[in-house]
Amino acid sequence: MMEREWQEEFIKILREELVPAMGCTEPIALAYGAARGREALGCEPERIVAKCSGNMIKNVRCVTIPNSGGLMGIETACILGGLAGDSSAGMEVLERVGEPERIRARELLKKGCCSVEFLDSDIPLHFIIELSALGHTAQVEVRHAHTNIVSVIKDGKTVFEKAEKEEAKGYMTDRSRLSLETIKTFADEVDLALVRDLYERQIRYNMDIAYEGISGDYGIGIGRTIRESYADGVVTRMKAFAAAASEARMGGCDMPVIINSGSGNQGIASSVPVIVYARERNVPTQRLYRSLVFSSLLTIYQKEFIGKLSAFCGAVSASCASAAAITYMTGGTIQQIKATIDNTLANIPGIICDGAKISCAAKIASSLDASMMAHYLAMQGKEYEAYTGILKEDAGETISCVGYIGKVGMQQTDKEIIKMMLGGEE
C-alpha cells in the first residue's frame, strides 16, 4: 500500500500538470509573458521585443493563435498578450480578447511594433519579452516551463525574482518517486474523490474539442478522413477523435484542452484514446478514471527524462502511455503493461518534432496505431526481448534511455531542424 505522503505528492503532480490551455502552449506562453510585462509596464506597449530560444521559435511559427481571427506567429501572440492578455487566467490568457483588440493587434502588426530575436540558450523553453512605452521599460523572463516566470524587471530594477532552486525545472513538486510500479499502485489505490474534478474536466474539455475537430473545418480534416477511410473499429475511432482534437487546436480553435507536461497534444493523446476505448467497451467510470490517472502519470514520467521541448515528438510518449493505460484498464499484468511500453518504444522512438502545426495530428494517429499494436501483442504475451536495439531489462530503464536520446542525443538534430525551418544556412 502506498504511503499517504506519496499519494499526496502524486496528486499535487497531477494538479500542477493537468491544467487548461487555449491553443498551442508555446504562443500562449509568449502571450502570458507579454501580459505580465504589460502589467509591470502599466500601459499599452509601444514596442515589444521577443527573444526566443530555437525551440520556442520552432513551435510558434506554424500554428494559428486562438482568438486572433486566424493570425499566426510570435508577433501576434506577443501583441495580443501585451494588449489584452489576462495573466491571472494562466494558459487561457487570451480568453477575453475581443474584436477591438484584434483590430488593434492588426494595426500594430502592420506598424511592426514587435520584433523577434533569436535567444542562444541551452534551455529549450526559454524566452525574454521586453516591452517599452512612454519612456518606461519592462522585461519578463521565462525558463523551463510555460508560465515559469523567473524574473520581472521594471525600468532596470528587479521587482520579482524566483529562487534558483525553484527555477530549475519550473515546478514545485518532486517527481523522483515516479516509476511504473508506483504509478500503477497509485492508480489502483487513490481515492477517486480526490481527483474526480480533474478527470471530469479532462473528459469534458478534451472530448468537446475532439467533437469540434471531427465536425468543424480545420486543417485538412484528418479526423473525418480516418473515420471514413479506415475499417470501422475502436482503434480507428481512437485515432480519428484524437487527431481531430489536435488538428482543431493547432488550427486556432478557441476551445481549451487539458494539457499534460506543458503540451496540449500530449494532453489529448494521453486522454482521448483512453476515453474513446472505455466508452466503446462500456468500461465503468471508476475504471476509466483510474486508467486516466495511470496514463497521465506515465506521460509525465516519460517527459521527465525528455524535457518539455526537444527534437523528440511528444505524441510518441503520450500515445505509449494511452496504450499502456488500456492494457491496465483491460486487466493486463504489470509485465503486460511493461511489454506494451517496450513494444511501442522498440518501434517508434525516432519520430522528430519539427514544430507545432496541424500535421501533429497525423503523428498522434500514427503513434496510436503503433502503440495499440504494442498493446495487442502484449495481451497475447508477445514482446521484444531486452537488448533488442535500445530496449533494456526494465521498462523504466528503456524509458530513461529514450529520454536521454531525445534530450541529449538529439540536440544537434534539433539545431538542424530549427535551421531548416528558419531558412537554411544563414
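- In summary, the aromatic rings of Phe186 and Phe294 are positioned with their centroids too far apart to meet the 6.0 Å limit.
- Remark: Tyr230 OH is loosely packed, at most 12 non-hydrogen atoms of other residues, nucleotides or ligands lying under 6.0 Å away.
- Between Glu141 and Arg36 there is no salt bridge, since no side-chain nitrogen of the basic residue lies less than 4.0 Å from a carboxylate oxygen of the acidic one.
- The pair Arg227-Asp232 does not meet the salt-bridge criterion, since no charged nitrogen lies less than 4.0 angstrom from a carboxylate oxygen.
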Using the rule given for side-chain hydrogen bond (donor to acceptor under 3.5 Å, both in side chains), can you reason through Asp174 versus Ser176, listing the C-alpha separation, both sets of side-chain angles and the distance that settles it, and then say yes or no? CA-CA 6 Å; Asp174 180 42; Ser176 63; 2.4 Å; yes
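- Atom NZ of residue Lys303 and atom OG of residue Ser270 lie 11.5 Å apart, to the nearest 0.5 angstrom.
- Residues Tyr289 and Val190 fail the side-chain proximity criterion, which asks for heavy atoms closer than 4.5 Å.
- In this structure, His144 NE2 and Leu309 CG are separated by 12.0 Å, a value rounded to the nearest 0.5 Å.
- The distance from atom CE of Met207 to atom CD1 of Ile268, rounded to the nearest 0.5 Å, is 10.5 Å.
- Closest approach of Ser400 to Phe305, counting heavy atoms only: CB-CE2, 3.5 Å.
- How far OG1 of Thr185 is from CD of Glu3: 11.5 Å, rounded to the nearest 0.5 Å.
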Take Ser295 and Tyr328 through the test side-chain hydrogen bond (donor to acceptor under 3.5 Å, both in side chains) and record every step on the way to the result. CA-CA 9 Å; Ser295 185; Tyr328 167 84; over 6 Å; no
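- A salt bridge does not link Asp120 to Lys51: none of the charged nitrogens lies less than 4.0 Å from a carboxylate oxygen.
- Ring geometry for His375 versus Tyr277: interplanar angle over 60°, hence perpendicular rather than tilted (30 to 60°).
- A salt bridge is defined here as a Lys NZ or Arg NE, NH1 or NH2 lying under 4.0 Å from an Asp or Glu carboxylate O, and Asp369 with Lys239 meets this definition.
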List the steps, then state whether side chain to side chain contact (heavy atoms under 4.5 Å, CB included) holds for Ile399 with Leu298. CA-CA 10 Å; Ile399 288 170; Leu298 183 55; 4.2 Å; yes
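- Under a cut-off of 6.0 angstrom, the local environment of CG in Asp191 is crowded, with over 12 non-hydrogen atoms contributed by other residues, nucleotides or ligands.
- Sequence neighbours left out, not one pair with a member in residues 249-270 passes salt bridge (Lys or Arg N to Asp or Glu O under 4.0 Å).
- Distance check, rounded to the nearest 0.5 Å: OG1 of Thr64 to OH of Tyr218 gives 10.5 Å.
- No more than 12 heavy atoms of other residues, nucleotides or ligands shown are found within 6.0 angstrom of OH on Tyr404.
- Inter-residue side-chain proximity for Ser367 and Ile348 is flagged as met; some heavy-atom pair is nearer than 4.5 Å.
- Within the structure, the side chain to side chain donor-acceptor pair (under 3.5 Å) test picks out the following pairs touching residues 337-358 (sequence neighbours left out): Glu181-Lys338, Thr327-Thr340, Asp342-Thr398, Asp354-Lys357, Asp354-Lys363.
- A salt bridge does not link Asp208 with Arg204: every distance from a Lys NZ or Arg NE/NH1/NH2 to an Asp or Glu carboxylate oxygen is 4.0 Å or more.
- For the pair Lys12 and Glu17, the salt-bridge criterion is not met [side-chain N within less than 4.0 Å of a carboxylate O].
- Annotation for Glu99: atom CD counts as buried by contact number, over 12 foreign heavy atoms lying within 6.0 Å.
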Could you go through the side-chain hydrogen bond (donor to acceptor under 3.5 Å, both in side chains) check for Ser53 and Asn55 one step at a time? CA-CA 6 Å; Ser53 63; Asn55 271 273; 5.7 Å; no
For Ser319 and Ser322: C-alpha separation, side-chain torsions, deciding distance, then whether side-chain hydrogen bond (donor to acceptor under 3.5 Å, both in side chains) applies. CA-CA 5 Å; Ser319 298; Ser322 267; over 6 Å; no
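- Taking CD of Gln266 as the reference point, atom NZ of Lys308 lies at 9.0 Å (rounded to 0.5 Å).
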Would Lys407 and Glu304 count as a salt bridge (charged side-chain N to carboxylate O under 4.0 Å, His left out) here? Give the steps. CA-CA 10 Å; Lys407 189 173 186 177; Glu304 274 300 287; over 6 Å; no
Distance-only criterion, 3.5 Å: show the donor-acceptor pairs between side-chain atoms of residues 73-84 and protein atoms not counting sequence neighbours.
residue	atom	partner	partner atom	Å
Thr76	OG1	Met72	O	2.8

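- More than 12 heavy atoms of other residues, nucleotides or ligands lie within 6.0 Å of CG in Asp197, so this atom counts as buried by the packing criterion.
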